[in-house]
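Inspection log for the structure reproduced underneath, given as structure tokens.
First the proteins, then the strands, lettered A, B, ... as listed; each starts at 1.
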Amino acid sequence: MRFAPSPTGHLHLGGARTALYNWLLARSSGGAFVLRIEDTDTERSNDAAIDQIITSLSWLGLDWDEGPGVGGAHGPYRQMERRQLYADAAERLLAEKRAYRCYCTPEELDGERREARKREVPYVYSGRCRNLEASVDAGNGGGGRGRESVIRLKTPSEGHTLVHDLVRGEVSFENALCGDFILVRSNGVPTYNFAVAIDDTAMEITHVIRGDDHLPNTPKQIMVAEALGKKPPLYGHLPLILGPDRAPLSKRHGAVSIEEFRSRGFLREALCNYLALLGWSFDAESTLFSMDELVEKFSIERVGSTAAAFDMDKLLWMNGHYIRELEPVELAERLEAYLPGTKLAGLPGRDGNPDIDDLVPLVQEKMKTLEDFVELTDFFFLPLEFEKKALRKLTGNDRAAELLDAAAEALQQVEPFDIENIEAALRRKADEIDVKLGKFLQPLRIAVSGKTVTPGMFETLSVLGRDKSLDRITNALTLRDVGSQSSITQDQEDAG
RNA sequence: GGCGCAUUCGUCUAGUGGCCUAGGACGCCGGCCUCUCACGCCGGUAGCAGGGGUUCGAAUCCCCUAUGCGCUACCA
């Protein structure tokens, strides 16, 4: 099995799914997963993209048995480093008269294409140069001197080429419509179809699982393999991934690169599970699969053939599920790695701030992404900032001052200042002044956090500590005394 | 235009001629739980693209139409 990305950008969702399926197939069948970089598009390929892709694959946990960084028996694993191989193959094909040099210029070909278009007839290369070799090519030192040439494969002009596709079944292509396609460009660089076919056979690739868009290329690759006297691999073509609007997924749909999902706080296990399900299913019931279960249960036969739309809501749900499933210490570790890129960078554990471990139990079940941790807990670390809505609720509440006073009074007595005692004290106080707990806690929540939504109040207060809690209550009280719109913005600036 | 692929709830899908009054998951709606929000639990909403066949019987097989997508490069 192989995954062979072209390094022209980030690893995106579609590529990741392709990689995942290849990897699963390899892992579940005891085969090798090989990573090969297809960089024959010299215009668009670049090294930064290769690094990026490798980083993303590693992050997903899709390790390769052969490829960049690990080597292997079939290297090198970058096509541009395999050029001698392609050149040799081209030479051989030329010598065996299975291929020939073509001297048609791009302009001439364009003309042919336009002509075909005009006559509403399918365009196929005319094969004009097919029988030139005797007269021109064989001449001294190559008669084509002075004029650039490409190398084309002689393809059958009749019959069909069958692709036994692992996910679609048998697909038939008419040879007459194929034409003698180009193997080697005039600049000496092999085309995709040529390089791929050579590499797949040379690397002893048995299964090629790739995007749908390659299906029409497949007969060409089979022809190359056969011309070379090699057996082509088995192919399976995955339908592409669509955006929510059912147009092919692209940047304008928002996050599409794996790197982006990572930085937005998604977990690799959620991404892999979700991606696995986007086009594959195990049975009528199951949706949650660990990596081990995927390896155990994945099979190419159960890959569907219809294009699937990406659904962020489902991914978010799944990500939340995996976050909840993590051991708290494990979640803390992930956050440890994640937080440095956020506004909380360096804050946890410093200057009397709470540790990540202190907060994980408070927010674990509320998080859908690691990113959520930041919004959920920022008020523990940063100067208090009131959300607009929260401020409105607080200033609009006639009893707020009274309730806050009562809360402060209750909290003063608590000793030790822990969850149980805080809860007991506050419940008692609420009882005493005869207000429902919810009514009592809500102004307190806003005063202490600036938000209408927070982790449990007792836990929050205990982590925040008595001093900070009381300070914030006091501050909220003054804020209420001032009360006007203009001073609200003033306070926000002070807070920030 | 040609060639190819596809079409089951809004979304991901189960389904391979009778088990389908079409199942699960996300979402959505309602309820329970509850200090807010979530989580969890319970319940509900919603679908076989259309038309012809074949068959005692079709989501499942065949044909046509429609729609979407891919390819049609000296891109991959």
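Look at A14(B): it lacks any Watson-Crick or wobble partner with both distances under 3.5 angstrom. Nucleotide A58(B) is matched to nothing when pairs are restricted to Watson-Crick or G-U wobble geometry with both distances under 3.5 angstrom. Remark: A66(B) base-pairs with U7(B); criterion is Watson-Crick or G-U wobble with both hydrogen-bond distances under 3.5 Å. Nucleotide C48(B) has no partner under the Watson-Crick or G-U criteria, as no pair reaches both atom distances under 3.5 Å. U34(B): no Watson-Crick or G-U partner with both key distances under 3.5 Å is found in any strand. Taking a pair to require two hydrogen-bonding distances under 3.5 Å in either a Watson-Crick or a G-U wobble arrangement, C19(B) remains unpaired. Using the Watson-Crick or G-U wobble rule with both distances under 3.5 Å, C71(B) pairs with G2(B). Pairing partner, C39(B): none, since no Watson-Crick or wobble contact has both distances short of 3.5 Å.
Between the side chain of Arg246(A) and the base of C69(B), no donor-acceptor pair under 3.5 Å is found. Ser186(A) contributes a side-chain N or O that forms a donor-acceptor pair with the base of C74(B) under 3.5 Å. Under 3.5 Å, the side chain of Asn217(A) and the base of A76(B) form at least one donor-acceptor pair of N or O atoms. For Lys366(A) against C37(B), a side-chain N or O and a base N or O form a donor-acceptor pair under 3.5 Å.
A sub-4.0 Å separation between OP1 or OP2 of C35(B) and a side-chain N or O of Arg445(A) is absent.
For Lys314(A), the listed nucleotide lying nearest its side chain is C26(B); candidates were A76(B), C26(B), C74(B). Of the candidates C5(B), C69(B), A76(B), the closest approach to any side-chain atom of Tyr192(A) belongs to A76(B). Of the candidate nucleotides C35(B), G4(B), C74(B), C35(B) has the atom lying nearest to any side-chain atom of Leu441(A). Side-chain proximity of Ala284(A) to A76(B), A25(B), A14(B): nearest is A14(B). For Thr454(A), the listed nucleotide lying nearest its side chain is U36(B); candidates were U36(B), G27(B), A14(B). Of the candidates C39(B), G70(B), C74(B), the closest approach to any side-chain atom of Thr191(A) belongs to C74(B).
A donor-acceptor pair under 3.5 Å links the side-chain atoms of Asp165(A) to the main chain of His237(A), judged by distance alone.
Nearer the 5' end of RNA chain B, as judged by each residue's closest nucleotide, is the contact made by Ala308(A), out of Ala308(A) and Asp313(A). Each of Val453(A) and Lys220(A) has a nearest nucleotide on RNA chain B; the 5'-most of these lies closest to Val453(A).
Remark: the separation of the C1' atoms in A25(B) and U45(B) is 15 Å, to the nearest Å. A gap of 23 Å separates the C1' atoms of U13(B) and G18(B), to the nearest Å. Comparing the P positions of G47(B) and C42(B) gives a spacing of 24 Å, expressed to the nearest Å. Comparing the P positions of G70(B) and C37(B) gives an interatomic distance of 44 Å, to the nearest angstrom.
Put simply, the residue from Leu403(A), Asp431(A), Asp434(A) that forms a side-chain contact (heavy atoms from CB on, under 4.5 Å) with Phe440(A) is Leu403(A). For the salt bridge (Lys or Arg N to Asp or Glu O under 4.0 Å) criterion with Asp180(A), the lone passing option out of Lys220(A), Arg152(A), Arg130(A) is Arg130(A).
Nucleic acid contact for Gly438(A): sugar-phosphate only, since backbone atoms but no base atoms lie under 4.0 Å from a heavy atom of the residue.
Between Trp280(A) and Phe282(A), the two ring planes are tilted [angle within 30° to 60°].
Annotation: cation-pi geometry satisfied between Arg17(A) and Tyr21(A) (NZ/CZ under 6.0 angstrom from ring centroid, within 45° of ring axis).
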